[in-house]
Every structure is written in structure tokens, then in C-alpha cells.
Amino acid sequence: MNILNKRYVKYAAIGVLAAGIISVPVRAAFLATEKPMAGATVVVEEYSQNVANGAVSHPAVEVAAEAADPSVPIAPAVTEEPEDEHVNLNLNYSRLGIASKVDTYLNVRKRPSESSKIVGKLTKNAGCHIYKVRKGWAKMVSGKVTGWVKASYIVTDDKAEQLATKVGRECVEIKADSLRVRALPTTDAPIYSIVSEGEEFVIRKQHLTMNFVNKVIRKQKISKDFIDRAGGMEAIQANLDNWVCIRVDNELAFVAKEFVTEQYSLKRAVKVGTLSANSSDGVSSSQVSIAEYAKQFLGNRYVWGGASLTNGADCSGFTMSLYAKYGHSLPHNAAAQASVTRSVSSPKPGDLFFYSNGSRINHVAMYIGNGLVIHASNPSDGIKISNAYYRHPVKIGRVMN
């Protein structure tokens, strides 16, 4: 299925009241990752689908059939209201909001007040469902985050619907735990990485061709020996229809279609609060300080080879510059940073998570507590916050004093 051709869905329900027949416009049903609506809405949507499929007669059709019989009085004409039209997204909403009027991110607070606790962050162009707007604050839900944001930074309704078609991305959501992502589109290819269930990755190429695969081979400098280990070019060509190419941080890899759901997506809020030192957990004030310092750069640019926290950095340039602020010198290379850190099994804020592409360490992120890392991922996402195990790390390293 080509998702680009399925971005818009329409449903209409016909309700029968004692006073006559009326049309009831119904908002579309979406992928249920969030549930601000339930109950009667679900029943009406189900009825609408049955009408569309012919399982239930549409009242207007019944009226027309009766009119053919002179003995049956003709019912009053029904004027239907316009059907609602909504973008089919990776979040369930009745009133869409998008954080478009920010440079990097918007704080989500527990209550509608600047002094209220921060419970999450909504990055630029992330989407949400708006419950209500009150005194300049909007109550919203996005991902696993529910809270209040300043309404002036959000676009809503028709403007948000239109914007969603421009800032959304074609993505896959992983539907199997510890899914093996391959370096080439065949199960005989070496494992590129192992990713977790529920994670979302941007699609680079939905319908694969050998011309595209050859470009990936050249760009990522895949050797002939590597291709032979994948069964050769004939084996790769035989499997193209069963695979999709995704972007894993700043490189390309392939995932089997049977283990993913393809969907049109907006970024969602991340659940993150403020850390505090805790001697019983072994978390020092310096560890908290560097993690909190890192968060302020959320949403800034990714630049390959860069090391500027404000103007652009790549993954190792980001961690290198964070630690430089605290007097530590790290090399500008993920694998080299892994070699100068001490392996630990229980991460603390400030520790570094290292990820591999199957042959070498190719990505690094900083742990910020609560199972999360912050990292410079790719040009599309910039500096982002992710589940620390969105990819299985090959090492967790602590910078030596």
C-alpha cells in the first residue's frame, strides 16, 4: 500500500432520531497509540464502516426504495452536512495541534502555569491532540505525555491539518521485539542493528529497486565479501518486494515488511522531567548537571562533522562538546570515545550509550536518566531524545575522571 495515497480518510454516519433522519459527520478513526476519545464515537465509527461496506443499509437508500412504491409517502429531503476530512496519522485526535511556532521545543507542564513542573517536551512540528484551551494554555496529549503548553506556540484545526501534510514523514513502527535490521534486504545479510518493539523509523525507500540498492552499496562502501555473505545480488533481487529501507540515525538499513507497520507520522512529545542528585541511587550532582545541560540543546541541528551545540553537531561532536564544558577531553569519533570510557552495567546520567552497525561502533548518545538518551541523530530529527534501548547498545561507557 502506498501511504502517500492514503493520507486522507473520510467517514460519514447517518443517525436516526425520533424527529426524523439527520446526518452526523464523524471524525476519522486513527492508529490507536493514544486514546483521548472512546465510547459512543467508536460505535458510530463502526456503524459508518458497516454502511460503507454494505453490511448495513444506508437510510437514504431505504428512502429511495420506498419512494418507488406510490402507496408509501415520500420522506422529507435530507440535506447532508459536509463530511469531515482528517489526515491519517500515528496519533489519535479529534482536534489536531502542531508545535510549529517554536525554534526547537516547547515545555509541557503539569498545570497551566510557567512555574508548574515540566513533564515533557514537544519538539518543533510535533503533533498532539488538544483537549481544551483556557486562558492562553492548551491541555494536550502526545505520545505518553499529557499536560499543558502555551497555546500561542501551537497551530490547530485546519491550519494544523494542512501543515501535517508538509511536516509529517512516512515511517515504520516496529511490531516485533528485538527485531533484526539488516545491512541489505535479505535475511542472509549481516545484522546491522537490533531495534525494540514500538520504535519508529523514517522510511527512506518504500518500493525497492536494484538501482537503489546499488546506490546504498556504493554510499555505505559495502564490500563484495559482505554482499557474498548476503547470498549475492541474485538473492537480494529476489527479496526486494518484502523489504523496506529505513534511516537508522544517519545511515540506511533494511527491515522486513512483515514485522512493521507503515504509517504517516508526526513527531510526538517525549516524557522527561527534571533530575535531582540522589546519594542512595549513587547519582551525583555532577552527573545530574551534565544531563540537564544536554537537554537544553534538544531540537538543535544535526551537522555531519560538526561540534557546535547551537549551530550543529554530529553524534560524537555533540557528546564531545557536552563533556568539554565539564573539563573532559573526548575524541571526535564514536568508536574512539568508546575506547576511552569504562564499561558499566547500570547506567547513570551522563554515561554514554554506544551502538553498532554490525561491523563497528557508529553512533553514541548520552544517558539522561529515566531510561532515556539524548543524541544528535540525523538531519531530519536533529538533536532528539529517545528510549535508551531504541537500538541495542553494544557498550555503556562512563567517562573516566
N-O pairing of Lys175 and Glu173 below 4.0 Å: yes
Interatomic distance, Lys325 atom NZ to Met320 atom CE [nearest 0.5 angstrom]: 15.5 Å
Between Lys267 and Asn125: side-chain donor-acceptor atoms closer than 3.5 Å: no
Ile174 side chain reached by Ser196 side chain, heavy atoms, under 4.5 Å: no
Neighbour count above 12 (heavy atom, 6.0 Å) for Arg180 CZ: no
Side-chain donor-acceptor contact under 3.5 Å, Ser377 with Asp249: yes
Mutual orientation of the aromatic rings belonging to Tyr355 and Phe353 [parallel < 30°, tilted 30-60°, perpendicular > 60°]: tilted
Thr123 vs Ile385 side-chain heavy atoms within contact, under 4.5 Å: no
Distance (rounded to the nearest 0.5 Å) between Ser359 OG and Ile222 CD1: 9.5 Å
Polar side-chain atom of Asn387 near backbone of Tyr389 as donor-acceptor pair, under 3.5 Å: yes
Pairing of Glu114 and Lys150 as salt bridge, 4.0 angstrom limit: yes
Candidate pair Arg247 and Leu252, rule side-chain contact (heavy atoms from CB on, under 4.5 Å), full reasoning: CA-CA 5 Å; Arg247 187 175 293 282; Leu252 302 180; 4.1 Å; yes
Smallest separation among heavy atoms of Val394 and Ile361, with atom names: CG2-CG1, 3.8 Å
Smallest separation among heavy atoms of Arg134 and Pro112, with atom names: NH2-CG, 3.8 Å
Contact summary for Tyr390 and His363, nearest pair of heavy atoms: OH-CD2, 3.3 Å
Flag if over 12 foreign heavy atoms under 6.0 Å of NZ, Lys257: yes
More than 12 heavy atoms of other groups within 6.0 Å of Arg229 CZ: yes
Heavy atoms from other residues, nucleotides or ligands near NZ of Lys124 exceed 12 (cutoff 6.0 Å): yes
Heavy-atom pair of closest approach, residues Lys205 and Val244: O-CG2, 3.2 Å
Between CD1 on residue Ile118 and NZ on residue Lys110, distance to nearest 0.5 Å: 13.5 Å
Smallest separation among heavy atoms of Leu163 and Ser100, with atom names: CD2-CB, 3.5 Å
Point-to-point distance, once rounded to the nearest 0.5 Å, from CG of Leu352 to NZ of Lys395: 9.5 Å
Short side-chain donor-acceptor distance under 3.5 Å, Glu170 and Gln263: no
Pairwise distance CH2(Trp137) to OG(Ser113) - rounded to 0.5 angstrom: 6.5 Å
Carboxylate-amine/guanidinium proximity below 4.0 Å for Arg169 and Asp381: yes
Among Thr104, Asn300, Leu309, side-chain contact (heavy atoms from CB on, under 4.5 Å) partner for Ile383: Asn300
Distance-only side-chain donor-acceptor flag, Glu262 / Gln206, under 3.5 Å: yes
Check: Phe226 and Leu184 side chains under 4.5 Å, non-hydrogen atoms: yes
Heavy-atom neighbours of Tyr153 OH exceed 12 at 6.0 Å: no
Student check: side-chain heavy atoms of Thr186 and Phe254 closer than 4.5 Å: no
Asn250 versus Tyr302, side-chain donor and acceptor atoms under 3.5 Å: yes
Side chain to side chain, Val213 and Ile217, heavy atoms closer than 4.5 Å: yes
Asn278/Ser276 under side-chain hydrogen bond (donor to acceptor under 3.5 Å, both in side chains): CA gap, chis, key distance, verdict: CA-CA 6 Å; Asn278 189 327; Ser276 58; over 6 Å; no
Minimal non-hydrogen separation, Pro331 against Val340, with atom names: CD-CG2, 4.0 Å
Donor + acceptor pair across side chains of Asn242, Glu258 (<3.5 Å): no
Test item: side-chain donor near acceptor, Asp314 and His332, under 3.5 Å: yes
Side-chain touch Glu200/Val172, heavy atoms, less than 4.5 angstrom: no
4.5 Å side-chain heavy-atom contact, Val255 and Leu179: yes
Point-to-point distance, once rounded to the nearest 0.5 Å, from CG of Asp228 to CG of Asp188: 12.0 Å
His129 and Ser142: side chain donor to acceptor below 3.5 Å: no
Exercise: do Tyr192 and Asn362 side chains pair donor with acceptor under 3.5 Å: yes
Neighbour count above 12 (heavy atom, 6.0 Å) for Asp103 CG: no
Donor-acceptor pair between Thr319 and Gln337 side chains, under 3.5 angstrom: yes
Side-chain touch Leu122/Ile154, heavy atoms, less than 4.5 angstrom: yes
